[in-house]
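First the proteins, then the strands, lettered A, B, ... as listed; each starts at 1. This is a predicted model, so every value here is computed, not measured.
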Number of protein chains: 2
Amino acid sequence: MDDHLKRLWRHRGATLPTPRRGPRQQLDLDEILAVAISLADASGLEAVSTRAVAARFDKTAMALYPYVGTKENLLALMQDQASAMPALSVAQEDLAEGLSGWATALYEVYLAHPWLTERSWAQATQGPNEQDWMEALLGVFERFAVPPASRTPAVTMLYATVRATAQTAAAYSRLTDADLEAWQAGAAAVPDAYPLTAALPAITPNWQDAPRAGLLAAVNLLATGLQAGGPHLSRRD
Amino acid sequence: MDDHLKRLWRHRGATLPTPRRGPRQQLDLDEILAVAISLADASGLEAVSTRAVAARFDKTAMALYPYVGTKENLLALMQDQASAMPALSVAQEDLAEGLSGWATALYEVYLAHPWLTERSWAQATQGPNEQDWMEALLGVFERFAVPPASRTPAVTMLYATVRATAQTAAAYSRLTDADLEAWQAGAAAVPDAYPLTAALPAITPNWQDAPRAGLLAAVNLLATGLQAGGPHLSRRD
DNA sequence: CGAAACACTATACACTGTCAGGAGTTATGG
DNA sequence: CCATAACTCCTGACAGTGTATAGTGTTTCG
C-alpha cells in the first residue's frame with residue numbers, strides 16, 4: 001500500500017509503521033495539516049508553501065517530507081482533512097429535504113474552506129472524509145428510491161452545483177469596491193448587445209444570501225426532476 | 001476604460017489606440033494567445049509561462065507586457081479566446097433538446113481546452129465569447145418559457161455540470177495504467193465500509209463515452225425539473 | 001557493537017512573475 | 001526641423017517556488 005494512501009486513511013485503520021528506527025519525530029501530521037489548512041483559510045491556497053508551513057514549526061521545508069511526501073500529497077491530505085463531515089440534520093421528510101440538507105452542509109464546509117473549490121473532486125485518489133459525503137448522498141438516494149440510472153448524473157450535478165455556488169460566494173466576499181466599479185464599467189461597455197443577460201437580476205445589495213438561496217432553488221429543481229421519474233421521461237410532453 | 005477590457009473586447013468594437021508613438025509592434029495579440037492556448041492544450045496550464053510563450057517568438061518574457069499586461073490578464077484573454085462559440089445546432093424541438101444542444105457544444109469546447117475547467121467562471125470580468133454562451137442559454141430559456149425564478153439556478157447547474165463532466169473526462173483521459181492500479185489498490189483498501197459507493201458502476205472499459213452520456217442524462221433531469229413548474233412545486237407529493 | 005534506518009539541516013538547482021533601467025525607434029508639438 | 005514624449009524590447013535582478021542531494025546526528029535491530 002502506498003505511503004500516501006496510508007496517510008490518507010490513518011484514522012480509519014491504516015497504520016503508519018510506529019516502531020521506527022531513527023530519532024523521534026518532532027512533528028505531527030495532523031498538526032501540520034491544521035497549520036496548512038489555517039494558512040489556506042486565511043490567505044488562500046497560494047499562501048501554502050512548504051517553507052511557510054515548516055516555518056510555523058521553526059523547521060525547514062525539507063522537514064515536511066517524511067510526514068506528507070510531495071506538495072501535491074500535502075494538498076490532497078489537506079483537502080480530505082478539511083472535508084470532515086459533520087452530523088447531518090435528521091429531518092428528512094422527503095427527497096428535496098434530504099438533498100438540500102446534504103447540499104447545504106457541504107456548502108458550509110466549502111464556505112469555511114474556500115480553497116477546496118480549487119481542488120478537483122474527480123481525483124482518482126479520494127480520502128475517507130470525502131467518501132463519507134458520497135456515501136451520505138447515496139444514502140439519501142437509497143432512502144427515497146431514486147432510480148439507479150439517475151443516480152450518477154444526480155451526483156455529478158449536486159457536487160458541481162454546490163462547488164460552483166460556494167465558488168461564487170467566495171468570489172463575492174472577496175470583491176472590493178474597486179472590483180465592483182471595474183465590473184460596472186465592463187457591464188456598461190456593451191449594454192445593448194446582450195438583452196437577455198441585462199435582464200437577469202444583477203448583483204444586489206443582499207448578495208450575502210443570494211448564493212445560498214440559489215443553491216436551494218437548484219436542489220429543489222433537481223429533486224422535482226428526480227421525482228418525475230428520471231431522464232427517460234423527459235421527451236414526454 | 002481599462003486596458004485589459006479593451007483587449008478583451010477588441011473584436012467587438014473596442015479599439016486599442018492604433019496611431020502609437022514608439023517602434024512598430026513586432027508581435028500580435030491574437031498570435032500570442034494562439035500560441036499560449038496551444039501550449040496549454042498540449043501540456044496544461046502550468047506549461048504556460050511568460051518565458052515559454054515569448055520564446056516561441058524568439059522574444060523575452062518582458063516583451064509580452066505591452067500586449068497582454070500581467071500573467072493573470074493573459075490567462076483571462078486565453079480563456080475568452082478559447083471560449084469562442086460555434087454555430088449551435090438548429091434543431092430545438094423542445095426544452096430538453098435545446099439545453100442538451102447547448103450543453104454538448106460547451107462540453108466540446110471544454111474537451112478541446114481542458115484547462116478551461118481550472119479557471120473560475122464566476123469572474124467579475126467576463127469577455128465577449130463567454131457572454132455569447134450565456135446569452136445563448138438564456139435564449140433557450142426564453143424560447144421555451146422557463147419561469148424566471150428558475151433561470152438563475154438553472155444557469156448555475158448547467159455551467160457547473162458541463163464543467164464537472166469535462167473535468168472528469170479530462171482526468172480519465174490523463175489516467176495511465178499505473179494510476180489505474182493505484183486507484184484499484186485504494187478501492188480495495190476499505191471494501192466494505194462504503195456499500196453504496198461500491199454498488200455504483202465502476203470505471204468501465206468504455207469510459208470514453210461515459211462522461212458524455214452522464215452529461216446528457218443530467219441535462220434531461222434538469223429539463224424535466226424545469227418543465228414540472230419550478231422549485232415552488234417541489235414540496236407537493 | 002556495528003550497521004541499517006530514520007529525522008532534519010544546508011545547500012543548490014531550475015523555475016516562476018515582474019520590477020528597474022537602459023537602448024533604440026517613432027510620432028508629436030513648438 | 002528638432003527636442004521630447006511615448007513606445008518596444010532587452011538585460012539583469014529579486015524574491016519566491018518545489019525538491020534533489022549530501023551530510024550530520026540519533027535511534028533501534030541483528
Please tell me if the side chains of B:Leu74 and B:Arg7 come closer than 4.5 Å, counting only heavy atoms from C-beta onward.
no
Rounded interatomic separation in angstrom, taking OH from B:Tyr65 and P from C:dG21:
17 Å
Whole-Å gap separating P (D:dG18) and CG (A:Asn73)
13 Å
B:Arg21 CZ - D:dA6 C1' separation (whole Å):
5 Å
What residues form a side-chain hydrogen bond (donor to acceptor under 3.5 Å, both in side chains) with A:Glu135, not counting sequence neighbours?
B:Thr197
Helix axis bend for the helix from C:dC1-D:dG30 to C:dA27-D:dT4 - C1'-based end axes, five pairs, 10° rounding:
10°
Measure across A:Ala166 and A:Thr117 and return the closest heavy-atom pair with its distance rounded to 0.1 Å.
CB-CG2, 4.1 Å
Could I get the full list of salt bridge (Lys or Arg N to Asp or Glu O under 4.0 Å) partners for A:Arg10, not counting sequence neighbours?
A:Asp30
Taking DNA chain D as the partner, which of residues 31-48 of chain A come within under 4.0 angstrom of it by heavy atom?
A:Val48
Keeping to residues at least two apart or across chains, list the salt bridge (Lys or Arg N to Asp or Glu O under 4.0 Å) pairs with something in residues 103-114 of chain B.
B:Glu108-B:Arg212
Using modelled atom types only, decide if a donor and an acceptor are shared between the side chain of B:Asp132 and the backbone of B:Ala84 within a distance under 3.5 Å.
no
Would you please name every residue forming a ring pair (Phe, Tyr, Trp, His ring centres under 6.0 Å) with A:Tyr159, sequence neighbours left out?
A:Trp102, A:Trp121
What residues form a side-chain contact (heavy atoms from CB on, under 4.5 Å) with B:Thr104, not counting sequence neighbours?
B:Leu216
Rounded to the nearest angstrom, tell me the gap between atom CG in B:Leu74 and atom C1' in C:dT18.
14 Å
One character per nucleotide, please: for nucleotides 7-15 of chain C, 5' to 3', B when the base has a protein heavy atom closer than 4.0 Å, S when only the sugar-phosphate does, - otherwise.
SSBB-B---
Of all the choices, C:dG17, D:dT19, C:dT26, which nucleotide is nearest to the side chain of A:Lys71 once you look at every atom?
D:dT19
Just list the side-chain donor-acceptor pairs under 3.5 Å for residues 61-70 of chain B, sequence neighbours left out, or say none.
| unit_1 | atom_1 | unit_2 | atom_2 | d |
| --- | --- | --- | --- | --- |
| B:Tyr67 | OH | B:Gln26 | N | 3.2 |
| B:Tyr67 | OH | B:Leu27 | N | 3.0 |
| B:Thr70 | OG1 | B:Glu72 | N | 3.4 |
| B:Thr70 | OG1 | B:Asn73 | N | 3.3 |

Contact list for residues 151-164 of chain B, test salt bridge (Lys or Arg N to Asp or Glu O under 4.0 Å), sequence neighbours left out
B:Glu142-B:Arg151
Side-chain donor/acceptor pairs under 3.5 Å, residues 33-49 of chain A, sequence neighbours excluded:
| unit_1 | atom_1 | unit_2 | atom_2 | d |
| --- | --- | --- | --- | --- |
| A:Ser38 | OG | A:Val35 | O | 2.9 |
| A:Asp41 | OD1 | A:His113 | ND1 | 2.8 |
| A:Asp41 | OD1 | A:Trp115 | NE1 | 2.6 |
| A:Asp41 | OD2 | A:His113 | ND1 | 3.0 |
| A:Ser49 | OG | A:Ala52 | N | 3.0 |

